[in-house]
Amino acid sequence: MNYWLLKSEPDVWSLDQQMHSGIKGSMWDGVRNYQAANNLRKMKKGDMCFFYHSNIGKEIVGIVKVIKEAYPDPTDKSKKFVAIQVRFDRKLEYPVTLESIKKTKELKDLPLIKQSRLSVMPIDTKHWKIILNMSRIVK
DNA sequence: GCCAACGTTGGC
DNA sequence: GCCAACGTTGGC
């Protein structure tokens, strides 16, 4: 299984909205960047993704699961980009903020920090575990 | 609100 | 194919 991070502005699409989309999940569409789209194409059913709120909050707030692999994004007229389907898995006990990620030296090389504009990125198992542990600790 | 970083577009 | 101009994202 692979791990990923998906970024969304919470006033456009938030984890709460994802939660209310229920068991059938929802489409993760609108990606218009080749690098991000290539990451979407690599996702397999069952992969887990951190859900990060950009701009407002700037923190990882939960986890969603990939339930359908890449297919043509119906919102993309050019037919170049893909969407996936994800389902709410859970909220983190404590959100992991960008600030605390920056302060953690093992996470210095996360694309979240180095490539702040990338909206879909891979996370190694090692880093996934570190972030999960951070989400169990009150800051 | 500003601006750095980065991606895309279009003229040449 | 290069690069200037422009647009977008996202942190601060």
Side-chain angles (χ1 to χ4, degrees):
Chain A
M1 196 205 314
N2 288 305
Y3 298 106
W4 308 91
L5 183 145
L6 295 172
K7 207 185 267 190
S8 179
E9 296 181 49
D11 51 357
V12 177
W13 183 250
S14 69
L15 185 68
D16 278 342
Q17 285 171 284
Q18 185 70 61
M19 186 168 64
H20 291 117
S21 68
I23 193 84
K24 291 196 168 170
S26 64
M27 199 166 56
W28 196 276
D29 61 5
V31 171
R32 295 291 182 273
N33 167 283
Y34 288 107
Q35 204 183 340
N38 283 334
N39 289 332
L40 285 182
R41 279 183 242 268
K42 290 180 204 155
M43 290 186 182
K44 297 293 176 200
K45 208 169 168 176
D47 282 0
M48 304 299 270
C49 313
F50 282 132
F51 195 115
Y52 176 81
H53 281 171
S54 62
N55 293 315
I56 302 163
K58 283 168 279 180
E59 56 195 10
I60 298 171
V61 288
I63 296 174
V64 296
K65 187 181 212 162
V66 177
I67 57 173
K68 188 178 174 189
E69 294 173 16
Y71 54 92
D73 183 342
T75 70
D76 171 34
K77 278 186 243 146
S78 73
K79 309 280 180 213
K80 286 186 286 196
F81 296 100
V82 293
I84 56 163
Q85 193 90 6
V86 293
R87 179 204 292 158
F88 175 80
D89 186 69
R90 61 195 162 98
K91 278 192 183 182
L92 297 184
E93 289 171 65
Y94 302 100
V96 177
T97 63
L98 180 63
E99 193 190 0
S100 58
I101 288 168
K102 282 185 168 174
K103 282 182 189 157
T104 306
K105 69 169 185 300
E106 298 94 320
L107 301 175
K108 268 217 173 81
D109 295 327
L110 272 202
L112 187 65
I113 298 167
K114 303 189 102 179
Q115 261 178 287
S116 65
R117 290 182 50 188
L118 186 61
S119 64
V120 181
M121 66 189 76
I123 303 285
D124 333 322
T125 306
K126 191 177 73 183
H127 294 152
W128 178 271
K129 286 179 179 162
I130 292 169
I131 295 168
L132 269 190
N133 285 334
M134 289 166 74
S135 77
R136 298 190 182 105
I137 300 162
V138 197
K139 284 175 292 296

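Numbers restart at 1 for each chain; the letters A, B, ... are given by sequence-line order, proteins then strands. Because the structure is predicted, anything quoted here is derived from the model rather than measured.
- Between the CD atom of A:Q35 and the P atom of B:dA5 there is a distance of 17 Å, given to the nearest Å.
- A:F81 does not carry A:K79 over the face of its six-membered ring by the limits of under 6.0 Å from the centre and within 45° of the normal.
- The distance from atom CG of A:L110 to atom P of C:dG11 is 13 Å, rounded to the nearest whole Å.
- A donor and an acceptor atom, one from each side chain of A:W13 and A:Q18, are located under 3.5 Å apart.
- Under 4.0 angstrom from either OP1 or OP2 of C:dG10 there lies at least one side-chain N or O belonging to A:K7.
- Rounded to whole angstrom, the span from the CD1 atom of A:I113 across to the C1' atom of C:dC12 amounts to 15 Å.
- Going from atom CG of A:L112 over to atom P of C:dC12 covers 10 Å, rounded to whole Å.
- Atom P of nucleotide B:dG7 and atom CG of A:N38 are separated by 13 Å, given to the nearest angstrom.
- Nucleotide C:dC12 holds its P atom 12 Å from the CD1 atom of A:I101, rounded to whole Å.
- No side-chain heavy atom of A:C49 sits less than 4.5 Å from a side-chain heavy atom of A:K65.
- Between the CG atom of A:N33 and the P atom of B:dG7 there is a distance of 7 Å, rounded to whole Å.
- Side-chain proximity of A:R117 to the nucleotides C:dG11, B:dT8, B:dA5 is greatest for B:dA5.
- Applying the 4.0 Å criterion to OP1 and OP2 of C:dT9, one finds that A:Y52 has every side-chain N and O outside that range.
- Atom CZ of A:R32 and atom P of C:dG10 are 14 Å apart (whole Å).
- To the nearest 0.5 Å, the span separating OG on A:S14 from CD on A:E9 amounts to 12.0 Å.
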